[in-house]
Number of protein chains: 2
Amino acid sequence: MTVSRVLRNRGDVSRATRERVLEAAKKLGYVPNKIAGALASQRVNLVAVIIPSMSNMVFPEVMTGITEVLDDTPLQPVVGITNYKPEREEKVLFEMLSWRPSGVILAGLDHSEATRAMLAATDIPIVEIMDVDGDPVDAVVGISHRRAGREMAEAIMKAGYRRVGFLGTKMPLDHRARKRFEGFTQALGKNGLEIIDQEFYSGGSGLAKGREMTEAMLSRTPDLDFLYYSNDMIGAGGLLYCLGKGMNVPDDIGLAGFNGVSLLNGLPKVLATMDACRQEIGRLAAQIVADRSIGKDSRHGNRIELSPSLSPGDTLRKV
Amino acid sequence: MTVSRVLRNRGDVSRATRERVLEAAKKLGYVPNKIAGALASQRVNLVAVIIPSMSNMVFPEVMTGITEVLDDTPLQPVVGITNYKPEREEKVLFEMLSWRPSGVILAGLDHSEATRAMLAATDIPIVEIMDVDGDPVDAVVGISHRRAGREMAEAIMKAGYRRVGFLGTKMPLDHRARKRFEGFTQALGKNGLEIIDQEFYSGGSGLAKGREMTEAMLSRTPDLDFLYYSNDMIGAGGLLYCLGKGMNVPDDIGLAGFNGVSLLNGLPKVLATMDACRQEIGRLAAQIVADRSIGKDSRHGNRIELSPSLSPGDTLRKV
DNA sequence: GTGAAAGCGCTAACAA
DNA sequence: TTGTTAGCGCTTTCAC
């Protein structure tokens with residue numbers, strides 16, 4: 001009826017009626033029922049966002065980018081957490097799809113068979129984020145982690161380091177970390193090098209973990225001249241350890257992390273790292289969904305590969 | 001019809017039909033429409049979570065606690081971000097309520113008139129989190145930031161520090177930071193002390209910001225013997241600065257932060273801090289909503305005050 | 001510019 | 001154990 005028209009600002013309502021309705025609505029504390037609205041209109045202003053974790057700082061940052069863009073639209077994010085488990089991803093996605101959202105943003109390109117099937121079966125816009133190494137179902141925005149690993153390896157070799165150790169997460173299901181590692185070792189291999197020592201951990205990343213792993217590795221293999229960490233947090237811990245031991249960074253030993261965590265600038269030395277373009281990825285993904293939801297086909301196209309920039313900081317020898 | 005019963009595992013369906021339905025559903029790639037279901041049953045398995053920001057690590061941690069508990073229930077979180085703006089909070093809440101969620105979890109006790117009115121008008125379970133200094137609409141779980149500030153001040157004075165500087169966020173709308181500051185100054189005042197110098201910043205917190213502010217303050221007011229930071233990140237930056245300058249921590253100068261960010265353990269010295277019980281708050285809040293959604297527990301009158309514990313680390317002189 | 005009527009795809013209650 | 005029916009509170013369409 002007319003009330004519905006007023007509340008949705010559709011035209012064709014006289015000023016008088018309009019005001020009367022608005023007043024009544026306010027007086028009654030009326031809150032529209034979007035469920036009924038959605039059912040009737042077959043339109044839902046929700047965007048499903050499916051990420052592995054909130055503890056890894058990367059994902060809140062992606063979320064920040066997403067909300068930043070969605071805030072200027074009628075769309076709302078709905079977050080689901082998978083804890084890096086394919087079966088949880090499946091369940092969460094199913095749950096989300098049953099709300100018929102306007103779009104789905106999910107991390108990574110590696111999904112279970114069932115997940116891929118669900119994604120393929122729906123005509124909801126799907127944006128896979130973070131990673132571009134693989135076949136997207138629909139749209140994708142991210143970086144190539146293989147290339148990121150490769151470029152870091154190349155920079156390290158170019159700087160003259162030869163005896164490289166790797167410290168990272170023990171997470172077979174963190175495909176992005178795995179791909180970085182693959183790209184890294186592959187590039188070393190091309191130059192006839194290989195990783196001399198490696199150490200994997202499980203559990204949360206923190207400075208302390210980085211310290212402790214670094215100590216373990218260096219006491220086991222003292223003649224390393226470079227340490228590559230799978231993230232900045234443990235890298236920073238390693239850096240503090242090395243500096244504390246009076247080592248000469250980056251001359252005796254070089255260090256690098258990954259992510260470009262700007263919070264950590266302010267360490268005694270700036271850690272070499274590679275920006276993962278997290279917020280930007282969130283923004284672009286949200287933009288694609290927002291555009292599609294109003295029938296605009298995204299001006300960016302369906303595949304956006306960002307280029308992470310390597311910043312050598314103070315822990316990578318200048319060539 | 002029967003199909004509905006099968007899909008919701010309601011009893012009274014024969015094995016044969018059951019399997020037949022399940023198979024057909026799978027073959028057709030059937031995804032139920034929760035919108036229609038929710039409309040018909042007046043039940044929605046969504047929990048609205050309204051927080052100020054994702055960039056401040058505190059909130060992702062709360063979210064982690066929330067999802068941890070909700071994962072074992074049929075409930076799903078829906079996140080809204082307010083950027084510390086009351087008018088955004090109002091809008092986000094309105095939007096959320098129009099989905100008739102099973103519960104609302106929102107940060108803080110300080111809301112606009114309209115927000116309070118909406119909260120009071122609904123019979124959805126409301127849990128206000130983080131802060132207990134004020135009047136909750138319904139349930140509340142958090143810590144007393146006034147008391148946290150007070151206790152830190154008392155510990156500092158007891159340790160013999162007398163010339164205290166404060167470094168914090170310039171955020172009139174971050175009520176929790178404000179309350180900590182109030183409790184802090186008040187406790188100092190009781191002992192005839194006051195803050196000698198203070199510095200506020202805006203923008204993100206990071207080690208670099210802490211460094212820079214500390215440098216500014218100490219060059220302006222060199223005779224301070226204690227620096228109290230509004231969060232651990234800038235506190236850690238300050239610590240690195242002081243150590244870098246060769247100052248004697250904690251004897252010449254003491255430092256403390258707030259939040260108990262365990263990621264930062266691993267600094268050359270452990271920063272004194274106070275745990276804000278973030279994950280625990282998230283868990284408890286989610287538990288209240290989960291309980292209420294299945295009719296457990298009495299409506300109204302839930303109040304959980306957690307006690308943040310002060311850990312002196314290495315930057316608060318031992319008495 | 002306004003109202004009336006017909007669903008949207010489910011669930012709840014009841015009948016068979 | 002199964003099928004039937006009547007809404008849930010909106011939006012859409014169409015008549016006035």
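Letters A, B, ... mirror the listed sequences (proteins, then strands); counts begin at 1. Not measured: the values here are computed from a predicted model.
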Less than 4.0 angstrom between a side-chain N/O of Ser4(A) and OP1 or OP2 of dT11(D), yes or no? yes
Pairs involving residues 50-68 of chain A, ordered by first then second residue, that meet salt bridge (charged side-chain N to carboxylate O under 4.0 Å, His left out) (sequence neighbours left out): Glu61(A)-Arg278(A), Glu68(A)-Arg283(A)
Ion pair check, Arg292(A) and Asp138(A), cut-off under 4.0 Å: yes
Within a strict 4.5 Å, meaning less than it, do heavy atoms of the Val141(B) and Ile288(B) side chains meet? yes
Side chain of Ser14(B) (C-beta onward), nearest among dT2(D), dT12(D), dG9(D): dT2(D)
Under 4.0 angstrom between Arg43(B) side-chain N/O and dA12(C) OP1 or OP2: yes
Of all pairs that satisfy side chain to side chain donor-acceptor pair (under 3.5 Å), the ones with a partner from residues 109-121 of chain B, not counting sequence neighbours: Glu89(B)-His111(B), Glu90(B)-Ser112(B), Asp110(B)-Lys179(B), His111(B)-Glu128(B), Ser112(B)-Thr115(B)
Per the side chain to side chain donor-acceptor pair (under 3.5 Å) rule, what does the pair list look like for residues 22-40 of chain B, sequence neighbours excluded? Glu95(A)-Lys34(B)
Between protein and nucleic acid, restricted to nucleotides 14-16 of chain C and to nitrogen or oxygen atoms under 3.5 Å apart, what atom pairs and distances do you find?
none

Which nucleotide in the list dG9(D), dT1(D), dT11(C) gets nearest to the side chain of Gln42(B)? dG9(D)
Please work out which residues in residues 27-37 of chain B have a non-hydrogen atom less than 4.0 Å from an atom of DNA chain C and list them by number. Tyr30(B), Asn33(B), Ala36(B), Gly37(B)
Go through the side-chain N and O atoms of Asp133(A) and Ser144(A) and say whether any donor and acceptor fall under 3.5 Å apart. yes
OP1 or OP2 of dG1(C) less than 4.0 angstrom from a side-chain nitrogen or oxygen of Thr17(A), does that happen here? no
With sequence neighbours excluded, give me every ring pair (Phe, Tyr, Trp, His ring centres under 6.0 Å) pair touching residues 32-52 of chain B. none
Please report the distance, rounded to the nearest Å, between CZ in Arg18(B) and P in dT2(D). 12 Å
Rounded to whole Å, how long is the line connecting atom CG of Leu39(A) with atom P of dC10(D)? 12 Å
Between Ile51(A) and the options Thr82(A), Val79(A), Ile105(A), the side-chain contact (heavy atoms from CB on, under 4.5 Å) test singles out Val79(A)
